[in-house]
Each structure stands twice: as C-alpha cells, then as structure tokens.
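Since the structure comes first, as structure tokens, the remarks are kept for the end.
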Amino acid sequence: MFSEEDVLPVEFYDNPDVVDIAQKLLGKVLCSMIDGVFTAGIISETEAYCGRNDKACHANNGKRTDRTEVMFGKPGHAYIYLCYGIHHLFNVVTNRTGFADAVLIRSILPVDGLDQIIERRTVKNHVNLANGPGKLTQALGITTDLNKTYLINPPVWIENRGVEIPSTEIAPSKRIGVEYAGDHAERLWRFEISKSLSKKLKV
DNA sequence: TACCGGATATCCT
DNA sequence: GGATATCCGGTAA
C-alpha cells in the first residue's frame, strides 16, 4: 500500500548526476496501484541516460519533440514510451527542469501482489516474470497511459524500504540495444544487483 | 510516406 | 545456448 513515510521524495531525483541516481535506485521498490490492485518489486537493474552528450538518449542535446518533452520537465515524473510497437518502457525523469536526464528501469524482483503479477503476465514461464523492461511494466500494469505521472503518490511511486545495496554488489556494464550511439554505447551506465544478492532478495 | 527501435515469447538444437 | 516473427508510434524526409 502507499506509504507517505517510505516514498522517495522529489529531492532524490533532483540530482545532476544521473549515473549516481541509477545506482541508488537499485534496492528501491517500484510500486503501482492500478484498478485497486497493489503490486511492487525491488529494482534490480537500471540504465542511465543523460540529456547532454549522450547519443543513446532520446532527448540528447536539446532534442525536444512531443515524446521527449517530459524529460525536460520536473524531476520525479515518469517517461513511458512504446518500444517495438509492443512494449511499454518505464523511465524516471531526473535532474532539474531543462535538463533531460532519465533512468530506465530494466528489471525488478516481484515482492508484492505476486498472484496479480502472474495474472497480468500471460506467459507459461512463471520464473522470469519481471526481468526485462517490457516485462516489468506488464507485471505492474504500467502503460503509456501513465506517461508524465508524478511518482510521489499512486498510481505509481517508488519507495525506500531500507534495503541497502553495497557497491561491491553492483555490476556495471554496457547499456542494451544502443549500438546506434557509437562510442557512447561503450559507457558502463547499466547497473545490476549481483546474482547472489538478487537470489537472497527474491521472495 | 517510409523506416526502425532502451524487446520478448516461443521454438529449435 | 541461438534464431525468428512480432507489433505500431515517433521521427525525419
């Protein structure tokens, strides 16, 4: 359920270092309350996208379009867009107004509403329910309808439940699917909780 | 108007 | 493990 006490405040997102935020989001809990159904999962994989000098970012170097406009707005809002015409991908807008930084959530470990998550995910395999950017939005019932929503209250918000991820348990790597970004694709701006710790956090 | 993408399920060895 | 069909909105021409 939504808790004023645990929700991440906007100050968390109002930070000029998006790579730092991408790491700090690991261990936090992405929550949704949709059609009266509460579901949530521990964020276990993220990617940082910077609005300046980052060819992998949709809003790179002031590229303002209808789609990217939300990234130039206030931190703590959701940037959700359709990928491959099928998948709804969820990002958190960070940094102050005018700076189009965002963190893509790539994977969560389901912790609340497992039955509803299984119901939403129309697949036979119930093992890897939310280990992908398109899978986790389906698991939590998040669609592009929720683009631009403010993530400090329902229907979608992020909580700090006190799970600390030591830096030694964070594995950096290259971002996925951004080959078109040339040399910027080489940056290690993808962050995952180590396999061993993920296992312990799994419900 | 035309191309292509911050991906995934399923089937195959 | 690897290959493959799949969907449609954004973007630039």
Side-chain angles (χ1 to χ4, degrees), chain A residues 13 17-26 28 30 39 41 43-73 75-95 99-110 117-149 151 156 158 170-193 195:
Chain A
Y13 307 104
D17 187 348
V18 66
V19 177
D20 179 51
I21 300 182
Q23 292 165 86
K24 286 181 174 159
L25 276 171
L26 295 175
K28 303 297 187 291
L30 180 60
T39 48
I43 296 170
S44 53
E45 181 180 347
T46 61
E47 280 177 4
Y49 289 87
C50 183
R52 292 172 59 195
N53 191 29
D54 178 13
K55 283 181 272 190
C57 180
H58 293 162
N60 185 36
N61 291 340
K63 184 176 174 184
R64 280 178 185 260
T65 65
D66 286 346
R67 185 170 69 148
T68 65
E69 193 58 36
V70 63
M71 284 200 271
F72 291 91
H77 287 251
Y79 167 44
I80 306 168
Y81 70 95
L82 199 60
C83 182
Y84 294 109
I86 308 169
H87 304 108
H88 303 257
L89 269 55
F90 178 85
N91 302 252
V92 189
V93 174
T94 71
N95 207 343
F99 291 80
D101 298 354
V103 176
L104 171 68
I105 309 300
R106 286 196 59 89
S107 177
I108 63 172
L109 307 167
I117 285 174
I118 289 170
E119 200 175 308
R120 286 200 186 110
R121 298 275 295 121
T122 53
V123 287
K124 292 178 182 177
N125 183 358
H126 288 183
V127 182
N128 298 315
L129 283 170
N131 64 336
K135 294 185 189 181
L136 72 92
T137 53
Q138 190 185 19
L140 298 191
I142 295 171
T143 68
T144 52
D145 291 348
L146 297 171
N147 189 28
K148 306 182 183 178
T149 54
L151 302 169
V156 185
I158 302 179
I170 298 177
S173 57
K174 290 184 200 173
R175 291 174 291 182
I176 302 287
V178 296
E179 294 77 14
Y180 58 86
D183 48 330
H184 295 167
E186 301 299 314
R187 291 171 174 165
L188 302 178
W189 282 6
R190 172 184 178 217
F191 302 98
E192 290 173 275
I193 298 179
K195 288 230 167 74

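Protein chains get the first letters and strands the later ones, always in sequence-line order, with residue 1 at the start of each.
- Regarding contacts with the backbone of dC11(B), every side-chain N or O of Lys124(A) stays at 4.0 angstrom or more from both OP1 and OP2.
- Lys135(A) has a side-chain polar atom (N or O) that falls below the 4.0 Å cut-off from OP1 or OP2 of dA9(B).
- Nearest to the side chain of Arg121(A), among dA12(C), dA9(B), dA7(B), sits dA9(B).
- A sub-4.0 Å separation between OP1 or OP2 of dG10(C) and a side-chain N or O of Thr65(A) is absent.
- Separating the CZ atom of Arg67(A) from the C1' atom of dG5(B) is a distance of 8 Å, rounded to the nearest angstrom.
- For Gln138(A) and Ala56(A), each mapped to the nucleotide of DNA chain B holding its nearest heavy atom, the one lying further toward the 5' end belongs to Ala56(A).
- For the pair Leu129(A) CG and dT8(B) P, the interatomic distance rounds to 13 Å; values are reported in whole Å.
- Using a 4.0 Å heavy-atom distance criterion, Lys174(A) is classed as making no nucleic acid contact.
- Side-chain contact between Trp189(A) and Asp54(A): present, with at least one pair of heavy atoms (C-beta onward) separated by less than 4.5 Å.
- The distance from atom NZ of Lys63(A) to atom C1' of dG5(B) is 11 Å, rounded to the nearest whole Å.
- The nearest whole Å value for the distance from the CD1 atom in Ile86(A) to the P atom in dT10(B) is 13 Å.
- Nearest nucleotide to the Leu82(A) side chain, out of dT11(C), dA7(B), dC8(C): dC8(C).
- Salt bridge Lys24(A)/Asp17(A): absent, no basic N to carboxylate O contact under 4.0 Å.
- When the P atom of dA7(B) is taken as reference, atom CD1 of Ile142(A) falls 16 Å away, rounded to whole Å.
- Between Arg106(A) and Glu47(A), at least one side-chain nitrogen of the basic residue sits less than 4.0 Å from a carboxylate oxygen of the acidic one, meeting the salt-bridge criterion.
- Distance Tyr81(A) OH to dG10(C) P: 12 Å, rounded to the nearest Å.
- In this structure, Arg67(A) is positioned above the aromatic face of Tyr81(A), its NZ or CZ under 6.0 Å from the six-membered ring centre and within 45° of the axis.
- Under the Watson-Crick and G-U wobble criteria, each requiring two contacts below 3.5 Å, nucleotide dC7(C) is left unpaired.
- In this entry the distance linking NE2 of His88(A) with P of dT8(B) reads 12 Å, nearest Å.
- For the pair Arg106(A) and dA7(B), the criterion of a side-chain N or O lying under 4.0 Å from OP1 or OP2 is met.
- Using a 4.0 Å heavy-atom cutoff across all strands shown, Leu104(A) reaches at least one base atom of the nucleic acid.
- Closest to the side chain of Pro133(A), out of dA7(B), dC7(C), dG5(B), is dA7(B).
- With hydrogens and angles left out, the side-chain atoms of Gln138(A) and Arg120(A) include no donor and acceptor closer than 3.5 Å.
- As judged by a 4.0 angstrom heavy-atom cut-off over every strand, Asn125(A) is placed among residues making no nucleic acid contact.
- In this structure, His87(A) atom NE2 and dA5(C) atom P are separated by 16 Å, rounded to whole Å.
- Using a 4.0 Å heavy-atom distance criterion, Arg190(A) is classed as making no nucleic acid contact.
- For Phe90(A) against Ile142(A), the heavy-atom pair with the smallest separation is CD1-CG2, 4.2 Å.
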